[in-house]
Amino acid sequence: MNATPQFALVDVNNFYVSCERVFQPALAHTPIVVLSNNDGCAVARSNEVKALGVKMGVPWFKMKDLAEKHDIRAFSSNYTLYGDMSNRVALVLRDFSPEIEIYSIDEAFLRIETVAHLYGGALAMGEQIRHRVKQWTGLPVCVGVAPTKTLAKLANYMAKKRAEFNGVCDLHALSRPERLGYMADIDAGEVWGVGPRLAPRLKEMGIQSVLDLRNASPKTLRSHFGVVMERVCSELRGIACLELEQVAPSKQQIMSSRSFGHSVEALEDLREAVATYVDRAAEKLREQGSVCAAVHVFVQCNRFRPEEPQNNTGTTVALVAPSDDTLALTAAALHGLRSIYRPGFRYKKTGIMLTLLSDKGVQQGSLFDAPVEHARSAAVMSAMDQVNRLYGRGMLRTGASGTQQRWSMRSENRSPRFTTRWDELPVVR
DNA sequence: TCTGGGGTCCTAGGACCC
DNA sequence: TCTGGGGTCCTAGGACCC
């Protein structure tokens, strides 16, 4: 019963790019990037593009020459497709182990120590995961197995980068010298939790490799970097500090914002955008059964053009009573917007954040509550959510969000929503 | 012309309490 | 001359993740 924990980290290779390729197999060897919202930056790159030295997050316009030279295909992001593909992968993984944490759109942790033997051990289980995900969804994954999450991340990194693992690495199937050898070979900056700020500071202390970090003194790490780095170090030594989070905790804040396709000056356009984002955020709020007590609204000009006049500001509007009513939240957000809006600026972005969230079921009553209003609001919101679930997002929304939406983001080369729209299904000839 | 959109956790310091 | 000790809460800022 007290077997050493075994975490498996399953991670889809070049996730967004791979999703595109599933439906356009002819692109299997074409260099591809997928762009962020508004067709801004490269957020996913195929191996061919990585080989050309294109880094994560490079603005598309800066790589246009390179793209032309090497025939790089660029896709606008298609989150409807990626979200659906992500759910399909999760379904396959749940079959392998019921103890699963969906960590991000393209990654999941599984606890496998009690089930691995059913597949002939962790390594064999990893192979079968790879095979089945590929066969059932078309997506390539790598699997890393280890006794802590941080080590599983490292094992996954090795499975991806080192051909000898063939996509599956069980760190503790290696001999100790082998394991430490790999650690000595990998930069400390690759460790989960060590980012671009801390890596150079570690280096200054003579901590270069994963092995150096593993062997560092926890006390020293704690005094220089705090408890987080101390934990990273313990995890690297095989002492599990992080647990599997099977149930995603409710969010403490919900944000919705976008850059505009073109800069915007009129209050009317900003109002439409803000109302649109509130619509979406309120939907998420109700989905997790929360209410919020304050709405933050902000506007931004183009921060890459400091020579232009800037009005980058925001304000928080408190609600009379916590609410999940789109109309109440929209009213608050638009009120806030009115107070920060100044004419004569070229706005590039606006957004809202719902904060001070709490569980709807455990609300403090208020002297000023009107129960009848509450019942009406709940009925309207529930009808709205049902309509939108049935007929698609945004089918029913507030009038304030507008009909033209001239400010909406660029998305010039989005592939069809192959798996969620009848009229965009792939056709087999 | 063109530069994403979400989130979380931890720490330090100040205000305040008894 | 000398000026306690223990705590909470909040906020801003910094770091990280995908």
Side-chain angles (χ1 to χ4, degrees), chain A residues 9 11-16 33-45 54-65 67 74-79 82-83 86 101-109 149-150 153 156-157 188-202 221-232 235 241-242 245 248-263 273 276-277 280-281 284 288 294 296 298 300-306 308 314 316 346 348-357 408-413:
Chain A
L9 176 65
D11 182 318
V12 183
N13 306 344
N14 312 332
F15 180 54
Y16 299 164
V33 292
V34 174
L35 303 177
S36 61
N37 275 331
N38 226 11
D39 293 346
C41 307
V43 290
R45 303 152 292 154
V54 175
K55 298 280 180 244
M56 177 76 174
V58 173
W60 172 236
F61 77 91
K62 283 191 182 170
M63 51 180 286
K64 280 242 169 97
D65 286 347
F75 286 89
S76 304
S77 40
N78 184 348
Y79 287 105
Y82 311 148
S86 175
E101 169 185 343
I102 308 300
Y103 176 66
S104 76
I105 195 165
D106 74 326
E107 282 172 73
F109 286 103
K149 282 177 148 184
T150 305
K153 273 276 201 182
N156 188 281
Y157 173 87
E190 300 294 344
V191 172
W192 191 39
V194 179
R197 302 294 174 119
L198 295 180
R201 285 179 55 197
L202 285 171
L221 289 176
R222 172 133 198 177
S223 70
H224 282 73
F225 303 99
V227 67
V228 178
M229 189 67 81
E230 188 187 16
R231 223 153 38 200
V232 167
E235 284 252 318
C241 305
L242 305 171
E245 283 180 24
S250 291
K251 298 203 187 321
Q252 300 178 39
Q253 51 186 40
I254 295 172
M255 185 139 111
S256 181
S257 78
R258 294 277 180 285
S259 303
F260 301 126
H262 304 280
S263 58
T276 302
Y277 305 151
R280 180 74 192 106
K284 286 189 200 165
Q288 71 166 29
H296 182 80
F298 64 88
Q300 277 174 17
C301 295
N302 192 339
R303 61 199 167 95
F304 295 102
R305 297 177 169 275
E308 282 187 14
T316 302
R346 291 156 56 82
K348 188 62 187 150
K349 181 176 182 176
T350 183
I352 62 106
M353 193 156 75
L354 308 181
T355 62
L356 302 180
L357 306 195
S408 60
M409 68 179 185
R410 263 193 307 275
S411 182
E412 287 175 354
N413 190 25

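Because the structure is predicted, anything quoted here is derived from the model rather than measured. To find a chain, count down the sequence lines: A is the first, B the second, and so on, and within it residues start at 1.
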Visitor: Given dC18(C), dT8(B), dA15(C), identify the nucleotide with an atom nearest to the side chain of E107(A).
Guide: dC18(C)
Visitor: Passes side-chain contact (heavy atoms from CB on, under 4.5 Å), V33(A) versus F75(A)? Steps please.
Guide: CA-CA 6 Å; V33(A) 292; F75(A) 286 89; over 6 Å; no
Visitor: Looking only at side-chain atoms of P59(A), point me to the closest of dT3(B), dG4(B), dC18(C).
Guide: dT3(B)
Visitor: Mind checking if Y103(A) touches a base, just sugar-phosphate, or nothing, with heavy atoms under 4.0 Å?
Guide: sugar-phosphate
Visitor: Indicate whether any N or O donor in one side chain lies under 3.5 Å from an N or O acceptor in the other, for T316(A) and H296(A).
Guide: yes
Visitor: So which nucleotide from dT3(B), dG4(B), dA15(C) ends up closest to the side chain of N302(A)?
Guide: dT3(B)
Visitor: Any side-chain N or O of K348(A) less than 4.0 Å from the OP1 or OP2 oxygen of dT3(B)?
Guide: yes
Visitor: With a 3.5 Å distance limit and no angle check, can you tell me whether N37(A) reaches the backbone of S77(A) through a side-chain donor-acceptor pair?
Guide: no
Visitor: Which part of the nucleic acid, if any, lies within reach of I254(A) when heavy atoms closer than 4.0 Å are counted: base, sugar-phosphate only, or nothing?
Guide: sugar-phosphate
Visitor: Can you check the K55(A) NZ to dG4(B) P distance for me, whole Å?
Guide: 19 Å
Visitor: Using heavy-atom distances to pick each residue's nearest nucleotide on DNA chain B, tell me which of Y16(A) and Q252(A) is more 5'.
Guide: Y16(A)
Visitor: Taking atom C1' in both dG4(C) and dC17(B), compute the distance separating them and give it to the nearest angstrom.
Guide: 14 Å
Visitor: K153(A) side chain N/O closer than 4.0 Å to the phosphate oxygens (OP1, OP2) of dC18(C)?
Guide: yes
Visitor: Mind calculating the distance between CG (N37(A)) and P (dC2(B)) to the nearest angstrom?
Guide: 17 Å
Visitor: How does DNA chain C read in dot-bracket, base by base from 5' to 3', with Watson-Crick or G-U pairs under 3.5 Å and | used when the partner is on another strand?
Guide: ....||||||||||||||
Visitor: So does R303(A) get a side-chain nitrogen or oxygen closer than 4.0 Å to the phosphate oxygens (OP1/OP2) of dG4(B)?
Guide: yes
Visitor: Tell me which nucleotide among dG6(B), dG4(B), dC18(C) gets nearest to the side chain of S257(A).
Guide: dG6(B)
Visitor: Just by distance, do the side chain of R231(A) and the backbone of L242(A) share a donor-acceptor pair under 3.5 Å?
Guide: no
Visitor: For residues W192(A) and F109(A), establish whether the separation of their ring centroids is below 6.0 Å.
Guide: yes
Visitor: Check every atom of dC18(C), dC2(B), dG7(B) against the side chain of R305(A) and return the nucleotide holding the closest atom.
Guide: dC2(B)
Visitor: Please lay out, stage by stage, how K153(A) and Y103(A) fare under the test side-chain contact (heavy atoms from CB on, under 4.5 Å).
Guide: CA-CA 12 Å; K153(A) 273 276 201 182; Y103(A) 176 66; 4.2 Å; yes
Visitor: Counting heavy atoms from C-beta on, name the nucleotide in dG7(B), dC16(C), dG4(B) closest to the side chain of Y79(A).
Guide: dG4(B)
Visitor: In whole angstroms, how far is the C1' atom of dG5(B) from the OH atom of Y277(A)?
Guide: 11 Å
Visitor: Should F298(A) and I352(A) be marked as a side-chain contact (heavy atoms from CB on, under 4.5 Å) after you check the CA-CA gap, both sets of side-chain angles, and the distance that decides it?
Guide: CA-CA 6 Å; F298(A) 64 88; I352(A) 62 106; over 6 Å; no
Visitor: What integer distance in Å separates D39(A):CG from dG5(B):P?
Guide: 12 Å
Visitor: Within the 4.0 Å heavy-atom criterion, would you say V191(A) contacts the bases, only the backbone, or no part of the nucleic acid?
Guide: sugar-phosphate
Visitor: Heavy atoms only, 4.0 Å cut-off, all strands: where does Q253(A) land among base, sugar-phosphate and nothing?
Guide: base
Visitor: Between dT3(B) atom P and R346(A) atom CZ, what is the distance in whole Å?
Guide: 11 Å
Visitor: On DNA chain B, nearest-nucleotide positions of K349(A) versus F61(A): which is more 5'?
Guide: F61(A)
Visitor: Have a look at D106(A) and say if it touches a base, only the backbone sugar-phosphate, or nothing, with a 4.0 Å heavy-atom cut-off.
Guide: sugar-phosphate
Visitor: Are R258(A) and dG6(B) close enough that a side-chain N or O sits under 4.0 Å from OP1 or OP2?
Guide: yes
Visitor: Please report the C-alpha distance between R45(A) and V34(A) in whole Å, then the side-chain angles of each, then the deciding distance to 0.1 Å, and finally whether the side-chain contact (heavy atoms from CB on, under 4.5 Å) criterion is met.
Guide: CA-CA 7 Å; R45(A) 303 152 292 154; V34(A) 174; over 6 Å; no
Visitor: Measure all distances between protein nitrogen or oxygen atoms and nitrogen or oxygen atoms of nucleotides 10-14 of chain C, and list the pairs falling under 3.5 Å.
Guide:
none

Visitor: Determine, for E101(A) against K149(A), whether the closest basic-nitrogen to carboxylate-oxygen distance falls under 4.0 angstrom.
Guide: yes
Visitor: How would you label the contact of R231(A) with the nucleic acid (heavy atoms, under 4.0 Å): base, sugar-phosphate, or nothing?
Guide: sugar-phosphate
Visitor: Is the number of heavy atoms from other residues, nucleotides or ligands within 6.0 Å of CZ (R280(A)) greater than 12?
Guide: yes
Visitor: Look at all strands and tell whether S256(A) reaches a base, only sugar-phosphate, or nothing, counting heavy atoms closer than 4.0 Å.
Guide: sugar-phosphate
Visitor: Looking at every strand, decide which applies to L198(A) at a 4.0 Å heavy-atom threshold: base, sugar-phosphate, or nothing.
Guide: sugar-phosphate
Visitor: Take D39(A) and S76(A), measure what side chain to side chain donor-acceptor pair (under 3.5 Å) needs, and give me the verdict at the end.
Guide: CA-CA 6 Å; D39(A) 293 346; S76(A) 304; 2.7 Å; yes
Visitor: F15(A) has an atom CZ; how far is it from atom C1' of dG4(B), in whole Å?
Guide: 17 Å
Visitor: Using a heavy-atom cut-off of under 4.0 Å over every strand shown, decide if V194(A) touches base, sugar-phosphate, or nothing.
Guide: sugar-phosphate
